[in-house]
Amino acid sequence: MLEELRNETESLTPRLIQWRRGFHRRPEVAFKEFQTSAFLREHFEKLGMPVKPLAGTGFRAELAGRPGGKTVALRSDIDALPLQEEGDKEYISLNPGASHSCAHDGHMAVLMGVAELLSKRREQFQGRVVFILQPAEELPPGGAKAMIEEGALEGVDAIFGLHFWQPLPTGLIGIVKGPMMAQSDNFRITVKGKGGHGSMPHQTVDPILVASHLVVSLQSIVSRNVDPLKAAVLSFGTVEGGTVYNIIPGQVKLSGTVRTFDPPLQALIERRLREIAEGVSKSLGAEAGVEYEIGYPPLVNDPASVDFVLDVVKRSLGEERIKPIAPVMGGEDFAYYLQKIPGAFLFFGAGDGTKFPHHHPGFDFDEKALPQAVLLMTSLAIEYLKRKS
Ligand code: NI
């Protein structure tokens, strides 16, 4: 069966590329994926699958094999980034200010391909395959949470997902047992001082000076409060304040992100961030307002599901494809599915011949990865449904 599947996947390649480029030309950002969703929906319906709309522009489509057995879900995100694409690709984005610069166009094409292959094999497997097409991965609080609340995982025993990964050479698989991607929170600090003339600082409380202290002193959290053997990041993304060179402004706004892998460490960082921001500001006569927003939880792969994925990779693509990797500090709302049911998320290498990283205006991935990923995801579904326990 594997040989047959391999050949069929190969001959599907031109259509996979066509689908992917179609999405790439018409990217739509979080929760506005109307055309994208309609196109996908038509594909799944044509293959005879009932489709249930979820979370606005998302849906789940269900493929039933022989009666009985288990249910396995495969998930793709469907949103693009609010980013102007640059470069000279023949299939460059035609929607100004939006681009598929994270490869979600590829993820959709892969699930379309898997659906095509599996729908011809309904008689060859027992159980059901649920396709989860999820909006808004890029915009916290994200689409996954809403999908789950509206029933995306109903009756599902396990879930698998992939991300094409530009830092890995094409065809290599990176996966981590346990925590693989970070919790990603964000914060905003408003430092309120007292404005005045730049020549008379003694009459003011200078929020620029206070904010500068905060940028420096908040770095002490990771270096002094966090266990050196644990991973954490605190980065600032914006510093905003002032209008002209000779006015001390009334307030300065800072924003940034915090990344961690374990909840107690996250709580420690949040607490210290508030204490330092408020304490340092007060000591300099200013006041700090802190807003801290909890983002996606850490993505934690179920160890047994990772063993299963590795076994299927060995059999379908070859053992040499497995590349040991370290966890990454990026966030991913696939984490929510893994909080509910067992499963695993993997990085599928697609970096050959590419120059720019994910979320860069010139980002692209190697389309040779498309049929290989279809083969792997199809095999994962079939092999999972064969399992007895
Ligand atoms: Ni992404």
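What you see is a predicted model; the values in this text were computed from it and never measured. Remember, it's 1-based here, ligands and their atoms both numbered in the order they're listed.
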(request) On the 0 to 90° scale, with breaks at 30° and 60°, tag the His43-Trp19 ring pair as parallel, tilted or perpendicular. (result) perpendicular

(message) Just to be careful: counting only protein atoms that are N, O or S, how many fall under 2.8 Å of the Ni ion (ligand 1)?
(response) 3

(message) I'd like to know if Phe345 and Ile341 are part of one continuous hydrophobic network [Ile/Leu/Val/Met/Phe/Trp/Tyr, side-chain heavy atoms within less than 4.5 Å].
(response) yes

(message) With a 6.0 Å cut-off (strictly less than), is the heavy-atom count around CD of Glu319, excluding the residue itself, greater than 12?
(response) no

(message) Looking at Arg121 and Glu8, is any side-chain nitrogen of the basic one under 4.0 Å from a carboxylate oxygen of the acidic one?
(response) yes

(request) On the 0 to 90° scale, with breaks at 30° and 60°, tag the Trp165-His163 ring pair as parallel, tilted or perpendicular. (result) perpendicular

(request) Examine Arg387 relative to Phe308 and say whether NZ or CZ is less than 6.0 Å from the centre of the six-membered ring and inside a 45° cone about the ring axis. (result) yes

